[in-house]
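Written below as structure tokens is the structure these notes are about.
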Amino acid sequence: MPEVILAGAAGRIEARYTAGKTENAPIALILHPHPKAGGHMNNPVTVQLFHLFMTRGFSVLRFNFRGVGKSQGEFDSGIGELADAATALDWLQAKNPTASQFWVAGYNFGAYIGMQLLMRRPETDGFVSVSPPANAYDFSFLAPCPASGMFLNGSADAVVPPSEVERVVAKLRTQKGITIAHEVVEGAGHFWTDQLSEVEQRIGGYLDRRLAGELE
């Protein structure tokens, strides 16, 4: 997959892009974990998300937030990182002007930024949030959440208590017009060590049902 360099507000943004095979292929933006905790676009869960969308015919982009890898700038506590995500989405949409759908998927900090991004982009068709840090960040901005999507976390997550994710899911499920899927993998921790097959199976199954029109 080719490396691409985007022009961001803090300088260059290092990214990887794979184009779909059809002119109106759907697009997906993949967001990585917290930069201050060693997060980068080649994180195993992030790469897994990338491949899940790629193998389903999406045009997919993942990138390094500012200050990570070859991306310029410094960590900006989420504000600049949201701007980076918006820049990446602008590039992805310009590259695929006839895309049939737009999805955003993120892991950990990337899930938080992804949910903020979809609030600013009403054209979002779906989202996937893996181990969202609901104990570290306030997710109350999801009011109302504009798209249906999926949350995935582990029952043995010692970084984000499962009850915190359930609290966000329960609140979102009170909203009309969207459907929120939530799967908890028994025994899985926050980093999905030895559990990547579960990430593939659970999210892959959800995407297949959504793309087949079996879910809203």
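None of these values were measured; they are calculated from a predicted model.
- Looking only at side-chain heavy atoms (C-beta outward), Asp208 and Arg56 come within less than 4.5 Å of each other.
- In this structure the side chain of Pro162 reaches within 4.5 angstrom of the side chain of Asn153, judged on heavy atoms.
- In plain terms, the two heavy atoms of Met54 and Val60 that are nearest each other are N-CG2, 3.6 Å.
- Tyr107 is listed as a side-chain neighbour of Phe191, based on a closest heavy-atom distance under 4.5 Å.
- A 4.5 Å side-chain heavy-atom check between His34 and Val68 finds every atom pair outside the cut-off.
- Across all non-hydrogen atoms, the minimal contact from Ile180 to Ala147 is CD1-O, 4.4 Å.
- Side-chain contact between Phe58 and Leu211: present, with at least one pair of heavy atoms (C-beta onward) separated by less than 4.5 Å.
- Ring orientation note: the planes of Phe63 and Phe65 are nearly perpendicular, at an angle over 60° on the 30°/60° scale.
- Taking each heavy atom of Arg16 and Val4 in turn, the nearest pair found is N-CG2, 4.4 Å.
- The CD atom of Glu14 sits 5.5 Å away from the OG atom of Ser71 when rounded to the nearest 0.5 Å.
- For residues 141-153, no pair satisfies salt bridge (charged side-chain N to carboxylate O under 4.0 Å, His left out), with sequence neighbours left out.
- Annotation: ring-ring contact (aromatic ring centres under 6.0 Å, His included) contacts of Tyr17 (sequence neighbours excluded): Trp91.
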